[in-house]
Amino acid sequence: MADPTNAQIAAAFDELGDLYELDGAIVHRVVAYRNAAKVTRDASVSVAALTRAGRVTELPGIGATLETKLVALVETGDIPQAQRLRAKFPAGLLEMTRLPGLGPKRARRLYEELGIDSLQSLETAARQQRIRELKGFGARAEENILASIVRYTTALAENGGDGTGRFVLDRALQVAEPIVAALRDHPAAERVELAGSARRWADSVKDLDIIATAHDPRALAEALTEMDVVESVAGIGDNGARVRTHRGIGIDLKVVAPDQFGNVLQHFTGSKEHNVALREAAVKRGLHVSEYGILDDATGETLRCATEEEVYAALGYAWIPPELRENRGELQAALLDGGSGLPELVREEDIRGDLHSHTVASDGRDEIEAMAEAAQALGYEYLAITDHSASHGFGDDVSPAELEAQIERIHAANHAFDGIELLAGSEVNILPDGSLDYPDELLARLDWVIASVHSSFRIDERAMTERVLAAIEHPWVDAIGHLTGRKIEARDPYAIDVERVFAAAAANGTMIEINAAPDRRDLNDVHARAAAQAGVMILLDTDAHRVATLRSSRRYGIATARRAWLTREQVANTRPWAEFAPLRKRARGGG
DNA sequence: GCCGTTTTCGGCCCGACTGTTTTCAGTCG
């Protein structure tokens with residue numbers, strides 16, 4: 001049996017936490033499981049392998065008890081305590097706790113006192129007005145439960161996902177950025193900042209938080225509610241407004257006092273895990289952090305901060321870029337006294353070229369020349385044209401003969417354009433057996449080859465890993481594209497042993513891209529950090545299929561790189577062409 | 001269940017909101 005992936009282990013911890021919570025365990029025990037799930041999900045090495053090596057308690061939040069459970073999970077595929085609790089609580093009960101407003105305590109009472117064990121029996125009981133008979137429940141509770149069930153089930157039907165209703169970041173920013181700009185332009189506004197997971201550049205967001213200060217808070221709140229994008233207003237007052245846009249995304253505007261702006265912005269930027277860790281560390285120094293200020297036990301005074309820099313400084317830290325605020329070591333690194341130092345993160349303007357783009361030769365929309373002009377407009381020194389290969393299908397495949405003609409076209413364009421190097425490339429399919437779909441002689445004639453998986457996603461982890469390793473070891477493969485194939489909020493990554501992949505890529509001098517397409521961002525932040533630590537040269541590519549995305553996608557790749565703690569040096573295509581060219585495997589004698 | 005420049009036991013971030021209460025538990029972010 002294959003080892004469970006980190007994602008599978010994390011899911012097992014989450015499930016056990018939920019089950020223990022239903023079972024009435026103290027909250028700290030439940031939190032311990034949720035922490036362990038997150039640590040596992042964020043781990044850059046195989047937690048199963050660490051468990052086998054007897055080293056898993058080196059992970060923060062994993063102690064002797066969880067180690068025992070991990071051993072059982074790795075060796076038998078399940079955890080005995082989970083089996084026991086699953087028998088005790090029906091699966092429908094866990095689903096009930098996912099309804100907003102219905103937690104483990106109340107769900108369990110519904111189960112024990114009314115025998116309700118599913119969303120269906122819950123709905124029936126609410127309609128029959130049997131729930132109000134329970135002490136602590138009333139008619140309002142029945143209404144809310146029915147409304148929650150409707151929202152939950154329609155969300156499930158609409159996005160086919162888990163009903164969490166998250167938005168890929170670019171969709172959310174398309175809404176958020178014009179709103180923030182408009183609020184900043186409003187005469188009543190002083191400061192307006194996006195907060196929350198959008199400010200941290202997370203893969204997806206649930207809703208949008210905007211923090212502001214204003215001469216006339218009410219006027220600013222009204223300005224938001226009157227915007228065309230707003231579908232409905234859930235609330236408005238002197239402290240802000242809460243609205244829903246036509247796109248279905250909720251926006252919470254908070255207008256706060258200027259001397260607390262830093263506290264509030266820091267609090268609502270999160271992440272939750274970052275804030276909890278920040279506060280726990282502060283308590284040990286007699287400081288209590290909240291969105292209103294920092295209460296000092298010694299003086300009884302509350303420090304209010306107009307800026308985030310003041311908040312972090314008061315707690316002994318350098319200001320931490322929002323992309324790093326995930327409790328992945330950033331607090332330790334930011335300590336003013338004894339920290340190891342935060343990395344100088346790569347920036348959008350550091351990028352000097354793009355190594356993955358498409359044209360009309362395959363499924364792109366624009367011609368070589370248009371893409372070249374767009375790249376030049378971005379100040380790039382190089383652009384690789386990498387259309388799909390011979391077996392791509394969808395009517396977009398490029399036969400070997402067509403590729404030969406494409407090489408000529410690209411080289412001709414390269415002569416026509418001054419100041420930019422146009423690379424004749426290809427995004428070659430990695431076939432299920434690990435072979436490529438062009439002959440080696442043709443691959444050798446190209447200036448650049450990026451190899452990707454575009455078919456047979458569901459083969460098992462071992463086969464997928466061997467498949468990609470074959471490409472990594474291939475002499476004419478310079479880089480690997482979108483390694484895990486995930487589509488954010490739409491398609492899970494395929495099973496692949498990223499540790500083996502990164503080790504092989506580092507050993508072979510094969511680069512791995514962060515594909516910047518906003519619905520891919522693949523490598524993800526955790527993988528990209530692990531890859532760089534393993535010595536892999538990271539690329540930042542847009543996979544642009546048209547002129548516009550050559551620019552517009554780039555910042556999502558940068559965001560992932562920054563969330564991965566990457567510096568400019570760790571991203572290969574921050575280098576000028578003269579330095580990048582010899583880094584290609586084919587230039588290093590790889591062929 | 002984890003963890004240790006106040007601890008191997010006794011702590012574990014902080015506050016708002018909701019609905020049901022008459023002082024609060026549960027839930028959420």
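Every chain is numbered from 1 and lettered A, B, ... according to where its sequence line falls, protein lines coming before strand lines.
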Using atom [atom1] of [X] as one end and atom [atom2] of [N] as the other, report the distance to the nearest whole Å.
X: His274(A); N: dG29(B); atom1: NE2; atom2: P; answer: 20 Å
X: Glu142(A); N: dT18(B); atom1: CD; atom2: C1'; answer: 16 Å
X: Arg108(A); N: dA25(B); atom1: CZ; atom2: C1'; answer: 16 Å

Taking atom [atom1] in both [N] and [M], what distance in whole Å separates the two?
N: dG29(B); M: dT23(B); atom1: P; result: 29 Å
N: dC28(B); M: dT20(B); atom1: P; result: 15 Å
N: dG1(B); M: dT5(B); atom1: C1'; result: 24 Å

Of all residues at least two apart in sequence or in a different chain, which pass the salt bridge (Lys or Arg N to Asp or Glu O under 4.0 Å) check with Glu123(A)? Arg127(A)

If the threshold is 4.0 Å, N to carboxylate O, is there a salt bridge linking Glu231(A) and Arg244(A)? yes

By the 4.0 Å heavy-atom rule, please label Phe268(A) as base, sugar-phosphate, or nothing. nothing

Determine the contact category for Leu16(A): base if any of its heavy atoms lies under 4.0 Å from a base atom, sugar-phosphate if only primed atoms, P, OP1 or OP2 are that close, otherwise nothing. nothing

Across nucleotides 1-13 of chain B, 5' to 3', mark each nucleotide with B, S or - according to how protein heavy atoms within less than 4.0 Å reach it. BSS--------BB

Is any side-chain nitrogen or oxygen of Arg106(A) closer than 4.0 Å to OP1 or OP2 of dG26(B)? no

